[in-house]
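What follows is one structure encoded as structure tokens, with my remarks underneath.
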Amino acid sequence: MFDTFLRILKTSRIAFDLSYKSSPGLTALISILTIANGLFPSFLVWIGKLIIDSILQSQSKSELWMDLLQSDAVSLVYVEGILTILYFGSQKLYNIAYTLLRIRLGQEVNERILSKAIRLELTQFEDSETYDKMTQARTEASSKPLSMVTRFFTIAQSSITIVSFFGLLIKLSPLASFILVIAAIPSFIAETKFSNHSFRLFRWKAKETREQVYLETLMAREDNAKEILLFNLGKEFLNRYKNNFQRIYIEDKKLTITKGIFSFLLGLLSQFAFYGSYIWIVCLALLHKISLGEMTMYLVIFRQGQGTFSNALSAFGGIYEDHLYIENLMEFLDLKILKQYGNKKGNHQRLGIVFDSVSFQYPGAKQPSLSNVSFELKPEEKLAIVGENGSGKTTLIKLLTRLYSPTSGKIYLDGIHLEDWDEETLRKRFGVIFQNFVQYQFKVGENIGMGDVQKVQSEAEWIPAAKLGMAHDFVTNLEHGYATRLGKWFQDGRELSGGQWQKVALARAFMRTSADILILDEPTSAIDAEAEMKVFEHFREHTQGKTVILISHRFSTVRMADQILVLEQGKKTEWGSHEELLLNKGKYEKLFRLQQAGYQ
Ligand SMILES: Nc1ncnc2c1ncn2[C@@H]1O[C@H](COP(=O)(O)OP(=O)(O)OP(=O)(O)O)[C@@H](O)[C@H]1O
């Protein structure tokens, strides 16, 4: 219990901190308005009582309007009117400040989530638990810090109102204040009982919700439409979507109904307490122990006080719920970045790449994807990696570029262990185009420019890179040339063919002129043979002095490499030049002959 309290205290501090950081001015304004809005109700009911009492006590017999308008009772109405306008204005201002703070705070939290997301490691992205945490943080937790802060403000405001009501009630009886408190407790119980439950449900739902979002994407995205239409998959997916919803809905429905019944029954208790007090106050008025003005005031206090009190108490219950969501958000934001980087920025000498008995097993996988792979690649050498699907080619690249760290063994670049390299320096050394390179729905020029973040907008650099990647000709034929937006997400977007996209990706690789190790993972699979020849000629010309690693299933390209690495089920089985491997008469020779026969 005490532990929960401390945890709530911690998350509350975080929520306030976030709110203050997102806008100190708005947070301060809301705090001031909270106090003001807490005091207004008491002033208003008190003036209400004064008005009734002054009517009853009025001795004036004048029927002149001028006299009536200047009487005590009417003067009090003026005061109440002015106060009500101020109260109204203050509430409106609070709403404006609240809306603006909600937008700012939502942005602040989302920025933090995304800043964390872009620093996560690939392994963490691929881990479903981490991914769930992130999805949950993005869907719900971004609004929860504000909700928590608001609830604290509600409590503060209600407390001020209640304390000032107590001040007015004390004259009636201290017991009356006690009843006011007791009567609100049942609704509080109803509220808190379910907050924990609904959070658990939310967590449990994460998987289902994720599946729903995925199915929606499948059915509603144009890039999937072709296959879904032709394979007639639409109904199948829609059924899955419906069944999934049904499962989520059953739990939601159960919770909503139970919560509704429970709070109705407990709310009845509050109503009994109110009407008990009502009878008591009316009796006191009949006995002339209290004035008519006082009777009205007490009844309003009871009616409003009960509402205010149960608001404050349910805000307490809500704080617990918000706290659970914020803890989830913090769990995500505090995720440790496991990968260690060093501070080495390189060697005077270029010594190339060394793999020393490198093995790697994906988290949760039963078998290693790479086993005991060793080789040495001299600087400026061109390496081709061949092997069947799933033999570990891409995995090797992921290890070399430090997207993953080997399970055992070491990788060296220029004699320095990869883990000792400074992160940014290391990243700058590589230019990598993966099979599933990103198709940015930006301008075609920017798609090329992404190869070098410093030059994303540099049109002068896009064109030569596009020429080398064989993309220039088709880009100039597009309606807006390099300014044409790609993809279908935006209204003016233009879709490219698979091969054209690959040419854009190759141009992106050529853009990375500062990198001295270029890695192309099946970059030309969708490009026609003639263009491929040209691209590789360009590559040869423009990568002199650079290391190139190429993954390809086309032997016409592979044979041009200085060294060829053959991988079979994660193991290195052959290494050497094309000629050497042919003489070897191993797997490489067999595959080469097979492909050659296919062309004859
Ligand atoms: N993220 C991952 N998590 C778990 N296993 C993976 C992951 N990525 C790849 N694998 C597994 O590791 C093995 C090697 O995959 P890899 O992508 O390196 O093969 P590849 O040689 O590049 O294949 P392809 O020619 O089809 O591109 C495969 O068995 C694959 O199923």
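Both counts, for ligands and for their atoms, begin at 1 and track the order of listing.
Between Thr395 and Tyr362, the side chains place a donor N or O and an acceptor N or O closer than 3.5 Å (distance only, hydrogens not considered). Side-chain atoms of Ser359 and Asn372 include no donor-acceptor pair closer than 3.5 Å. Checked by atom type, the side-chain pair Gln361/Thr407 shows no donor-acceptor distance below 3.5 Å. Residues Glu111 and Gln107 have side chains that bring a donor and an acceptor to within less than 3.5 angstrom of each other.
In terms of protein heavy-atom proximity, atom 27 (O) of ligand 1 is closest to Gln435 NE2, 3.2 Å. Atom 26 (O) of ligand 1 has its closest protein heavy atom at Asn389 ND2, 3.0 Å. Of the protein's heavy atoms, Tyr362 CD1, 3.2 Å lies nearest to atom 5 (N) of ligand 1. When hydrogens are left out, the protein atom nearest atom 16 (P) of ligand 1 is Thr395 OG1, 3.5 Å; that is the closest non-hydrogen contact. Counting only heavy atoms of the protein, atom 25 (O) of ligand 1 lies nearest to Lys393 NZ, 2.8 Å. Looking only at protein heavy atoms, the nearest one to atom 14 (C) of ligand 1 is Gly390 O, 3.5 Å. Annotation: atom 1 (N) of ligand 1 to nearest protein heavy atom, Glu126 OE1, 3.1 Å. The closest protein non-hydrogen atom to atom 12 (O) of ligand 1 is Ser369 OG, 2.8 Å.
Using a non-hydrogen distance threshold of 4.0 Å, Gln367 does not register as a contact of ligand 1. The closest approach between Ala365 and ligand 1 stays at or above 4.0 Å for every heavy atom of the residue. Within the 4.0 Å heavy-atom shell around ligand 1 one finds Gly392.
Of the charged side-chain nitrogens involved, none lies within less than 4.0 Å of a carboxylate oxygen, so that Lys455 and Glu446 do not count as a salt-bridged pair.
Judged by distance alone, with hydrogens and angles left aside, the side-chain atoms of Arg104 form a donor-acceptor pair with the main-chain N or O of Ser22 at under 3.5 Å. Without hydrogens or angle criteria, Lys393 side chain to Gly387 main chain gives a donor-acceptor distance under 3.5 Å.
Atoms of ligand 1 found under 4.0 Å from any heavy atom of His553 (numbered from 1 in listed order, with element): 25 (O). Per-residue contacts place Glu522 under 4.0 angstrom from the following atoms of ligand 1 (heavy atoms of the residue considered): 25 (O), 27 (O). Applying the 4.0 Å criterion to heavy atoms of Glu388 picks out, from ligand 1, the atoms 21 (O).
For atom 31 (O) of ligand 1, the nearest protein heavy atom lies 4.0 Å away or farther.
A cation-pi arrangement, defined by a distance under 6.0 Å to the six-membered ring centre and an angle within 45 degrees of its axis, is present between Lys144 and Tyr325.
Within a 6.0 Å radius of NZ in Lys116, other residues, nucleotides and ligands contribute more than 12 heavy atoms.
For Tyr412 and Phe355, the ring centers are positioned 6.0 Å apart or more.
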